[in-house]
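A short worksheet on the structure shown next.
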Amino acid sequence: MTSQKIAIMGAMPEEIEPIIDKLDNVGTTVYGNNKYYEGSYHGQEVVVAYSKIGKVFATLTATTLIEKFGCDMLLFSGVAGAISNELSIGDLIIADGLCQHDLDITAFGHPFGYVPEGEVCISTDVGLRNIAKDIAKSKGLTLKEGVIATGDQFVANEERKNWIGTTFKADALEMEGASVAVVCNALNVPFFILRAISDSADMDASFNFDEFLESSAKISADFILSMVDAL
Ligand SMILES: Nc1ncnc2c(CN3C[C@H](CSc4cnccn4)[C@@H](O)C3)c[nH]c12
């Protein structure tokens with residue numbers, strides 16, 4: 001156990017509700033159109049919030065968790081669309097890197113996902129990833145590790161999904177992770193992005209998403225709480 005202050009972030013209410021339900025001594029602060037739940041989990045000080053959907057909202061919340069609430073690390077819990085055929089609904093994936101699939105200044109000769117002084121793929125904290133792998137092993141859970149692609153689009157199209165997979169060698173896609181990566185990387189805060197699959201980003205994505213959001217969000221949330229216990 002450390003005296004650190006851990007940020008736990010999601011994008012949608014459903015992604016953090018399973019976490020908030022388990023906190024002790026919860027107080028709330030409304031700031032920048034976000035509600036921040038401050039409390040403890042098994043003796044660890046945590047601040048929990050959902051950003052709302054998309055990269056811009058996620059950037060604001062991640063920055064606030066660090067700059068205003070003083071969190072020393074950030075764990076993201078949520079759902080994602082699968083790109084890799086190895087991922088089925090309910091499966092867990094941790095990001096070893098994150099990219100922005102809708103960032104495009106290729107007209108100037110740059111690669112997709114790149115802008116000057118930036119990087120296409122931002123790596124996550126290897127220590128937190130190793131803790132996750134140890135937990136998965138002890139629980140007999142399968143944990144995939146791979147690149148997660150972020151963009152301001154709900155992808156429900158096989159062609160777009162495959163383009164993202166090929167272009168970025170991504171295994172899953174969502175709408176917030178790369179924003180968290182940019183913020184935490186810039187502010188030198190260790191971060192961890194965990195997603196449970198809710199759909200396959202294809203023509204059935206919106207139906208599967210609606211059906212599996214709650215159950216997949218809980219799978220991710222339960223794992224994130226196991227991470228908190230191990231920190
Ligand atoms: N196929 C996919 N493409 C892009 N992102 C995702 C995700 C991950 N989250 C869920 C949610 C979808 S948009 C949303 C959801 N519900 C209501 C309104 N908007 C957004 O926060 C990104 C899961 N599957 C995805």
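Only this structure's heavy atoms are used, side chains among them; waters, hydrogens and symmetry mates stay out.
- Ion pairing of D102 with R160 is absent here, as no side-chain N (NZ or NE/NH1/NH2) approaches a carboxylate O to less than 4.0 Å.
- One finds no salt bridge joining K218 and E14 here, because no Lys/Arg side-chain nitrogen approaches an Asp/Glu carboxylate oxygen to under 4.0 Å.
- Residue E214 qualifies as open at atom CD: its count of foreign heavy atoms under 6.0 Å is 12 or below.
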Show, in sequence, the C-alpha distance, side-chain angles and deciding distance for V180 and L74, and conclude whether the side chain to side chain contact (heavy atoms under 4.5 Å, CB included) test is met.
CA-CA 8 Å; V180 171; L74 192 151; 3.6 Å; yes

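- Under the 4.5 Å side-chain criterion, counting only non-hydrogen atoms from C-beta, L194 is not in contact with M227.
- Using a 4.5 Å heavy-atom cutoff, the side chains of M9 and S77 are not in contact.
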Let's go through E174 and T150 carefully: what are the C-alpha distance in whole Å and the side-chain angles of both, what is the deciding distance for side-chain hydrogen bond (donor to acceptor under 3.5 Å, both in side chains) to 0.1 Å, and is it a yes or a no?
CA-CA 5 Å; E174 31 90 309; T150 301; 2.7 Å; yes

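- One hydrophobic cluster, built from ILVMFWY side chains closer than 4.5 Å, holds both M73 and F223.
- The backbone N or O of I89 sits nowhere less than 3.5 Å from a side-chain atom of D199 that would complete a donor-acceptor pair.
- A heavy-atom distance below 4.5 Å is not found between the side chains of I94 and I193.
- Because its NZ or CZ atom is both nearer than 6.0 Å to the ring centre of Y31 and within 45° of the ring axis, K68 counts as a cation-pi partner of that residue.
- Between I105 and P116, the shortest heavy-atom contact is CD1-CD, 3.7 Å.
- Note on R129 versus D125: no salt bridge recorded, every NZ/NE/NH1/NH2 to OD/OE distance being 4.0 Å or above.
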Side chain to side chain contact (heavy atoms under 4.5 Å, CB included) assessment of I8 paired with I6
CA-CA 6 Å; I8 303 177; I6 302 166; 4.3 Å; yes

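- In this structure, C99 and V147 have side chains that are in contact, with non-hydrogen atoms separated by less than 4.5 Å.
- Cluster membership for L60 and L75, using ILVMFWY side-chain heavy atoms within less than 4.5 angstrom, is not shared.
- Side chain of S220 to backbone of G78: a donor-acceptor contact under 3.5 angstrom is found.
- Proximity of L225 to D229: side-chain heavy atoms (C-beta onward) are nowhere separated by under 4.5 Å.
- Side chain of K133 to backbone of E145: no donor-acceptor contact under 3.5 angstrom is found.
- Under a 3.5 Å cut-off, the side chain of N34 and the backbone N or O of Y50 do form a donor-acceptor pair.
- Contact of the I224 side chain with the F76 side chain is not registered, since no non-hydrogen atoms from C-beta on lie closer than 4.5 Å.
- Checking side-chain atoms of T61 against main-chain N and O of F57 turns up a donor-acceptor pair under 3.5 Å.
- Taking F69 as the reference, Y36 meet the ring-ring contact (aromatic ring centres under 6.0 Å, His included) condition, with sequence neighbours excluded.
- Listed for the E15 side chain is a donor-acceptor partner under 3.5 Å among the backbone atoms of M12.
- Linking Ile, Leu, Val, Met, Phe, Trp and Tyr whenever their side-chain heavy atoms come within less than 4.5 Å puts I83 and V155 in one cluster.
- The neighbour count for D21 CG, taken as heavy atoms of other residues, nucleotides or ligands under 6.0 Å away, is above 12.
- One N or O on the side chain of D72 and one on the backbone of K5 form a donor-acceptor pair closer than 3.5 Å.
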Go through the steps to decide whether E38 and N25 satisfy the test side chain to side chain contact (heavy atoms under 4.5 Å, CB included), and finish with yes or no.
CA-CA 8 Å; E38 301 167 87; N25 316 312; over 6 Å; no

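- A distance of 7.5 Å separates CD1 in I66 from SG in C71, rounded to the nearest 0.5 Å.
- Under the 4.5 Å side-chain heavy-atom criterion for ILVMFWY residues, no single connected hydrophobic cluster contains both L141 and L87.
- A distance of 10.5 Å separates CG in L98 from SG in C184, rounded to the nearest 0.5 Å.
- Using a 4.5 Å heavy-atom cutoff, the side chains of H101 and F112 are not in contact.
- Nearest heavy atoms, A201 versus L173: CB-CD2, 3.9 Å.
- Without hydrogens or angle criteria, T124 side chain to A95 main chain gives a donor-acceptor distance under 3.5 Å.
- Scanning both residues, G151 and K55, for their nearest heavy atoms gives CA-CE, 4.3 Å.
- F209 is linked by a ring-ring contact (aromatic ring centres under 6.0 Å, His included) to F154, counting only residues two or more places apart in sequence or in another chain.
- In terms of heavy atoms, A230 sits closest to I131 at CB-CG2, 3.7 Å.
- Judged by distance alone, with hydrogens and angles left aside, the side-chain atoms of T166 form no donor-acceptor pair with the main-chain N or O of W163 at under 3.5 Å.
- Ionic pairing of R195 and E176 is present here: one or more N-O contacts between side-chain nitrogen and carboxylate oxygen are shorter than 4.0 angstrom.
- Panel note: side chain S216, backbone L213; no donor-acceptor pair is recorded below 3.5 Å.
- In this structure, N85 places its CG atom where only 12 or fewer heavy-atom neighbours from other residues, nucleotides or ligands lie under 6.0 Å away.
- Shown here is E86, whose CD atom has no more than 12 heavy atoms of other residues, nucleotides or ligands within 6.0 Å.
- Remark: the S200 side chain and the D202 side chain contain no N/O donor-acceptor pair separated by less than 3.5 Å.
- In terms of heavy-atom proximity, D152 sits nearest to G54 at OD1-CA, 3.4 Å.
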Evaluate the side chain to side chain contact (heavy atoms under 4.5 Å, CB included) criterion for residues Y114 and L103: first the C-alpha distance (whole Å), next the side-chain angles of each, then the deciding distance (0.1 Å), finally the verdict.
CA-CA 7 Å; Y114 176 81; L103 185 56; over 6 Å; no

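- Going from atom CD of E211 over to atom OG of S198 covers 11.0 Å, rounded to the nearest 0.5 Å.
- Atoms CD1 and CG, on I197 and D91 in that order, are 7.0 Å from each other to the nearest 0.5 Å.
- With rounding to the nearest 0.5 angstrom, the OG1 atom of T167 is 10.0 Å from the CG atom of N162.
- At a threshold of 4.5 Å between non-hydrogen side-chain atoms, the residues I148 and D171 do not count as touching.
- With hydrophobic clusters built from ILVMFWY side chains whose heavy atoms lie under 4.5 angstrom apart, V228 does not share a cluster with V189.
- Here the closest non-hydrogen pair linking L92 and A196 is CD2-CB, 3.9 Å.
- Atom-to-atom distance recorded for K35:NZ and T29:OG1 is 10.0 Å, nearest 0.5 angstrom.
- Atom CG of N33 has 12 or fewer heavy atoms from other residues, nucleotides or ligands within 6.0 Å.
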